[in-house]
Amino acid sequence: ATSSCLLPSSCLLPSRFNSSHTPASVGGSTGSPETQGNVLNDDTKVPLVEVFSSESCTLCDVVVQQLQRLQAHHNFRLEKVNFSQHSKWKRKYQYDIPVVHLNNHFFCKHSLDEAKLRRRLDELHCNLQQSE
């Protein structure tokens, strides 16, 4: 279903890039809602975008730069996860980086479809406004 939500300028505030990542926040807290990336992060009320990468991944750097530019127009929390420090993610993604999660759910790998992510972020912000 298509929403007729018009996003106010308050939805378009940029967020800070956080390069650190703790293991507890990788999988989400036990109390946070998870429904295929349709629910906003409970702690912050903004979407969480995670980039799983390694230290020497130039493709990962490109995706992070794309996401940082996107933050100028969309409010989301961006976290870079160096999977070499997290064995679960290393086993899962070591041959597929960069991998992007939206609200603790797989979104894409190898490259970023910016238009698709913008649409999902707009949907998430509209869903939040309609539920308030």
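No hydrogens, no waters, no symmetry mates; every other heavy atom, side chains included, goes into these values.
Annotation: side chain of L102 is in contact with side chain of P47 (closest heavy-atom distance under 4.5 Å). Counting heavy atoms from C-beta outward, R77 and V49 have side chains that stay 4.5 Å or more apart. Contact of the N103 side chain with the L124 side chain is registered, since non-hydrogen atoms from C-beta on lie closer than 4.5 Å. The shortest distance between side-chain heavy atoms of L121 and L70 falls below 4.5 Å. Taking 4.5 Å as the limit, every side-chain heavy atom of V81 sits out of range of all side-chain heavy atoms of H101. In this structure, V51 and V99 have side chains that are not in contact, with every pair of non-hydrogen atoms separated by 4.5 Å or more.
Ring centers of H125 and F76: at least 6.0 Å apart, outside the cut-off.
F107 approaches K116 most closely through the heavy-atom pair CZ-CG, 3.7 Å.
Applying the ring-ring contact (aromatic ring centres under 6.0 Å, His included) test to F83 and every residue at least two apart in sequence or in another chain returns nothing. Qualifying side-chain hydrogen bond (donor to acceptor under 3.5 Å, both in side chains) partners for Q94, counting only residues two or more places apart in sequence or in other chains: none. Residues passing the side-chain hydrogen bond (donor to acceptor under 3.5 Å, both in side chains) test with S84 are N82, sequence neighbours excluded.
For residues 60-73, the pairs satisfying salt bridge (Lys or Arg N to Asp or Glu O under 4.0 Å) are D61-K80, with sequence neighbours left out. Counting only residues at least two apart or in different chains, salt bridge (Lys or Arg N to Asp or Glu O under 4.0 Å) contacts with residues 92-114 comprise D96-K109, E114-R118. Among residues at least two apart or in separate chains, disulfide (SG to SG under 2.5 Å) pairs with a member in residues 59-101 are C57-C60.
To the nearest 0.5 angstrom, Q71 atom CD is 7.0 Å from Q68 atom CD. Residue S53 holds its OG atom at 11.0 Å from CG of L59, rounded to the nearest 0.5 Å. Taken from CG in N104 to CD in E50, the straight-line distance is 5.5 Å, to the nearest 0.5 Å.
The hydrophobic clustering, which links ILVMFWY residues whose side-chain heavy atoms are closer than 4.5 Å, places F106 and I97 together.
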Show, in sequence, the C-alpha distance, side-chain angles and deciding distance for Y93 and H86, and conclude whether the ring-ring contact (aromatic ring centres under 6.0 Å, His included) test is met.
CA-CA 11 Å; Y93 293 139; H86 306 284; over 10 Å; no
